[in-house]
Amino acid sequence: MPKSRIRKKADYTPPSSKQATAIKLTSRAWVAPVMLAMFIIGLAWIVVFYVTDGSLPIDALGNWNIVVGFGFIAAGFGVSTQWK
């Protein structure tokens, strides 16, 4: 029986060397302090509301003070998306 032909594979040629683009992963300086401030303000707002039995920080808001506190915390999470 005749021997079948062996196909010669092309040698590996690495892709042409391109300049690697440097990705700038620097964070803005204001992001971390603002994020932490929002978290702390939101937490403090809720804690003050519970400790004072609802008379502080803003009496007219009533239980909506909890929403305001969580709003500050949510804003902190929103700012945290800018952190690199």
Side-chain angles (χ1 to χ4, degrees):
M1 208 122 198
K3 194 173 184 181
S4 62
R5 281 186 172 174
I6 299 174
R7 294 183 188 171
K8 184 179 180 189
K9 293 183 179 181
D11 292 332
Y12 173 75
T13 55
S16 61
S17 62
K18 294 181 181 178
Q19 289 282 17
T21 57
I23 299 173
K24 189 176 180 181
L25 291 178
T26 58
S27 182
R28 297 181 186 118
W30 59 270
V31 172
V34 170
M35 176 183 64
L36 291 175
M38 292 290 202
F39 289 153
I40 291 170
I41 290 170
L43 181 65
W45 194 290
I46 294 170
V47 167
V48 167
F49 174 72
Y50 277 116
V51 168
T52 62
D53 291 329
S55 62
L56 287 177
I58 300 174
D59 191 26
L61 290 179
N63 286 336
W64 283 96
N65 280 307
I66 298 170
V67 175
V68 172
F70 278 113
F72 276 112
I73 294 171
F77 279 113
V79 170
S80 72
T81 62
Q82 299 299 314
W83 194 14
K84 295 179 184 178

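Below, all heavy atoms of this structure are taken into account, side chains as well, without hydrogens, waters or symmetry copies.
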Checklist line | Shortest non-hydrogen contact between Ile73 and Gly42, atoms and distance | finding: CG1-CA, 3.9 Å

Checklist line | Summary of side-chain hydrogen bond (donor to acceptor under 3.5 Å, both in side chains) pairs that have at least one residue in residues 48-60, sequence neighbours excluded | finding: none

Item checked: Heavy-atom pair of closest approach, residues Met35 and Ser80 -> SD-CB, 3.1 Å

Note to self: Using the ring-ring contact (aromatic ring centres under 6.0 Å, His included) criterion, which residues pair with Phe72? Sequence neighbours excluded.
What the structure shows: Trp45

Margin query: Hydrophobic clusters here meaning ILVMFWY residues chained together by side-chain heavy-atom distances under 4.5 Å, can you tell me if Leu43 and Val67 are in one?
Written below: no

Check: CH2 of Trp64 to CZ of Phe49: how many Å apart, nearest 0.5 Å?
Finding: 12.0 Å

Item checked: ILVMFWY cluster, Phe77 and Met38 together (side-chain gap under 4.5 Å) -> yes

Check: Say you draw a straight line from CD1 of Ile41 to CD1 of Ile46; how long is it, rounded to the nearest 0.5 Å?
Finding: 12.5 Å

Notebook entry, point to check: Quick one: do Val47 and Ile40 end up in the same hydrophobic cluster if we chain Ile, Leu, Val, Met, Phe, Trp and Tyr together by side-chain heavy atoms under 4.5 Å apart?
Noted result: no

Next item on the list: Under the side-chain contact (heavy atoms from CB on, under 4.5 Å) rule, what do Val68 and Ile58 come out as? Steps first, then yes or no, please.
Entry: CA-CA 10 Å; Val68 172; Ile58 300 174; over 6 Å; no

Check: According to a 4.5 Å side-chain heavy-atom criterion applied to Ile, Leu, Val, Met, Phe, Trp and Tyr, with indirect links allowed, do Phe70 and Val48 form part of one hydrophobic cluster?
Finding: no

